[in-house]
Amino acid sequence: MNGSPLDGLVAIVTGGGRGIGRAHCERLAAYGARVVVNDAGVSTAGEGTAETPAEEVAAAIRAAGGEAVVHTGDVSRMTSGRELLERALDTWGRLDVVIANAGFGRPRMSFNLDERDWDAVIGVHLKGTFAVAQPALQHWRALAKQSGAPVHGRLLTTSTGLLLIGGAGQSNYVAAKAGVLAFTEAVAQEMAPYGVTANVIMPGANTRLAQIGWRTAQSIARDAEQGVEFDAHSPVHVAELACYLASPAAQWVSGQTFQVSGGRIERVRTFDRAVVVERHDRGHTYDDLVDEIPRMFGASPRRAEKPPTDWRKPGAT
């Protein structure tokens, strides 16, 4: 695979046994990277199974001529992050890319959400991202300080497009994914002096966790009947973006969020100010805000009992 854009690089992918994670592993390997495939083999709700998806992916990569090893630990444990780093260093002597992708869902309306479901989802998505990232960040920082030069370090994290539209029934999931996004933006600033980049991917693909709706199923069936070869719902499109962001060509990209689905990639502006109202002589009183807050949403002010347009996000009640 000499001459491939990721030739010689070593990558860790969590949740690498299925869906988007598997696509990450296989495309990274196809472009020349050596891969540590992490997957605990749990169900979509995070419950233990007898399945061994990480082994299956690693075997497929090796059968195709690539290099891969397996880790099956729980990424919500801090020790797993250290184990993953050591697996990469012990096997290939380096680590260049970390893709934090592991996750599962326990959807409930917030008023029905059990504490265990909250903790489990926050644990795998948010803490799991930190647990895997921190040892790699420490390693890259130490290398940069030792050499006095920037290093090739890439952190890619996984958020969700639900943050753009609201996540009714997914409050634990979107809370974790918002935290992942904010964490990644902070890491991008912290690691900039060392040449390390950190970016967020909001993936859209047909996977176990993101079950397709009936409209998508109809679309897939229609494409098959018409002989359309392009599968807009394949995780491979997400993985191609990840491979670019992992490559030397993306050294200049950091602290960014991209939403990708099929042939569509969107750069997402996060935590952006929309409208500002300001007084320089004093603060706002309640009486001021009766006018000003509706005006921020494009409504006519002056004592309307409610703004004339519905400002709530979709799904709000």
(request) I would like to know whether L143 and Y194 meet side chain to side chain contact (heavy atoms under 4.5 Å, CB included); could you show each step before the answer? (result) CA-CA 9 Å; L143 288 179; Y194 312 110; over 6 Å; no
(request) Supply the atom-to-atom distance E55 CD to T72 OG1, rounded to the nearest 0.5 angstrom. (result) 7.5 Å
(message) Is there a side chain to side chain contact (heavy atoms under 4.5 Å, CB included) between L137 and M191? Walk through the geometry before answering.
(response) CA-CA 8 Å; L137 300 176; M191 298 302 292; 3.9 Å; yes
(message) With a 4.5 Å cut-off on side-chain heavy-atom distances among I, L, V, M, F, W and Y, is there a chain of contacts connecting V174 to L164?
(response) yes
(request) Would you mind reporting whether L84 and N38 have side-chain heavy atoms less than 4.5 Å apart? (result) yes
(request) Verify the neighbour count for atom CD of E86: are there more than 12 heavy atoms of other residues, nucleotides or ligands below 6.0 Å? (result) yes
(request) Might you point out which heavy atoms bring A54 and H71 nearest each other, and give the distance in Å? (result) CB-O, 4.5 Å
(message) Working to the nearest 0.5 angstrom, can you tell me the gap between Q170 CD and S110 OG?
(response) 12.0 Å
(request) Could you tell me which non-hydrogen atom of A100 sits nearest to which non-hydrogen atom of T158, and how far apart they are? (result) O-OG1, 2.9 Å
(request) For T184 and N199, run side chain to side chain contact (heavy atoms under 4.5 Å, CB included): C-alpha distance rounded to whole Å, both residues' side-chain angles, the deciding distance at 0.1 Å, then the answer. (result) CA-CA 6 Å; T184 308; N199 292 288; 5.5 Å; no
(message) Can you confirm whether R141 is buried at CZ, in the sense that more than 12 heavy atoms of other residues, nucleotides or ligands lie under 6.0 Å from that atom?
(response) no
(request) Check whether any side-chain heavy atom of E266 lies under 4.5 Å from a side-chain heavy atom of V260, and answer yes or no. (result) no
(request) Kindly indicate whether the side chain of V13, heavy atoms from C-beta on, has any atom under 4.5 Å from the side chain of V37. (result) no
(message) Has H24 got a side-chain atom pairing as donor or acceptor with P235's backbone, closer than 3.5 angstrom?
(response) no
(request) Say whether, by atom type as modelled, one donor and one acceptor occur between the side chain of R106 and the main chain of V121 under 3.5 angstrom. (result) no
(request) State, without any angle test, whether D287 and T285 hold a side-chain donor-acceptor pair at a distance under 3.5 Å. (result) no
(request) Give a yes or no on whether the backbone of S254 and the side-chain of Q256 come within a donor-acceptor separation of less than 3.5 Å. (result) yes
(message) Restricting to non-hydrogen atoms, name the atom on S261 and the atom on G204 that form the minimum distance, rounded to 0.1 Å.
(response) OG-O, 3.4 Å
(request) Sort out for me which residue in F130, W118, Y173 forms a ring pair (Phe, Tyr, Trp, His ring centres under 6.0 Å) with H125. (result) Y173
(message) I'd like to know if D288 and R282 make a salt bridge, using a cut-off of under 4.0 Å between side-chain N and carboxylate O.
(response) yes
(message) Under 4.5 Å between side-chain heavy atoms, counting indirect links through other Ile/Leu/Val/Met/Phe/Trp/Tyr residues: same cluster for V69 and V132 or not?
(response) yes
(message) In this structure, would L155 and V180 fall into the same cluster of hydrophobic residues linked by side-chain contacts under 4.5 Å?
(response) no
(message) Nearest 0.5 angstrom please: T79 OG1 to D74 CG, how far?
(response) 8.5 Å
(request) Report yes or no: do T270 and T257 form a side-chain donor-acceptor pair below 3.5 Å? (result) no
(message) Under 3.5 Å, is there a donor on one side chain and an acceptor on the other for T197 and Q251?
(response) no
(request) State, with a plain yes or no, whether a side-chain heavy atom of R82 is found less than 4.5 Å away from one of Q134. (result) no
(message) With heavy-atom distances below 4.5 Å as the criterion, would you say the side chains of S159 and L163 are in contact?
(response) yes
(request) Give a yes/no verdict on a cation-pi contact between R27 and Y31, requiring under 6.0 Å between NZ or CZ and the six-membered ring centre and an angle within 45° of the axis. (result) yes
(request) Indicate yes or no: at least one non-hydrogen side-chain atom of H152 is less than 4.5 angstrom from one of W140. (result) no
(message) Is it the case that the side chain of D96 and the backbone of R154 share a donor-acceptor pair, with hydrogens and angles ignored and the cut-off at 3.5 Å?
(response) no
(message) Quiz question: by atom type and distance under 3.5 Å, do the side chains of H284 and E292 form a donor-acceptor pair?
(response) no
(message) Quick check: closest heavy atoms across P150 and G195, and the distance to 0.1 Å?
(response) CB-CA, 3.9 Å
(message) Strictly distance-based, threshold 3.5 Å: is any side-chain N or O of R34 a donor or acceptor partner for the main-chain N or O of G8?
(response) yes
(request) Go through the side-chain N and O atoms of R77 and S80 and say whether any donor and acceptor fall under 3.5 Å apart. (result) yes
(message) Within a 6.0 Å radius of atom CZ on R116, are there more than 12 heavy atoms belonging to other residues, nucleotides or ligands?
(response) no
(request) Check G15 against N101 and note the closest heavy-atom contact, atom names and distance. (result) O-ND2, 3.2 Å
(message) Let me check something: do L162 and V268 share a hydrophobic cluster, defined by ILVMFWY side-chain heavy atoms less than 4.5 Å apart, either directly or through other members?
(response) yes
(message) Less than 4.0 angstrom from a charged side-chain N to a carboxylate O is my criterion; do R22 and E26 meet it?
(response) yes
(message) Between the side chains of D272 and R269, is the shortest nitrogen-to-carboxylate-oxygen separation below 4.0 Å, so that they form an ion pair?
(response) yes
(request) Side-chain contact test, heavy atoms from C-beta onward, threshold under 4.5 Å: evaluate it for V97 versus I12 and give yes or no. (result) no
(message) Walk me through whether V277 and M296 qualify under side chain to side chain contact (heavy atoms under 4.5 Å, CB included).
(response) CA-CA 8 Å; V277 294; M296 294 178 79; 3.8 Å; yes
(request) Find the distance between CG (L156) and CZ (F258) and round it off to the nearest 0.5 Å. (result) 10.0 Å
(request) Using the rule that two of Ile, Leu, Val, Met, Phe, Trp, Tyr join whenever any of their side-chain heavy atoms come within less than 4.5 Å, decide whether V70 and L89 are in one cluster. (result) no
(message) Closer than 3.5 angstrom, by distance alone: can the side chain of S247 be matched with the main-chain N or O of L6 as a donor-acceptor pair?
(response) no
(message) Within the structure provided, determine whether V238 and I201 are in side-chain contact (heavy-atom separation under 4.5 Å).
(response) yes
(request) Enter the distance from L245:CG to E240:CD here, rounded to the nearest 0.5 Å. (result) 11.5 Å
(message) Please report the interatomic distance OG1(T52) to CG(D39), rounded to the nearest 0.5 Å.
(response) 9.5 Å
(message) To check you understand the geometry: which heavy-atom pair defines the closest contact between V98 and A136, and what is its length?
(response) CG2-CB, 3.7 Å
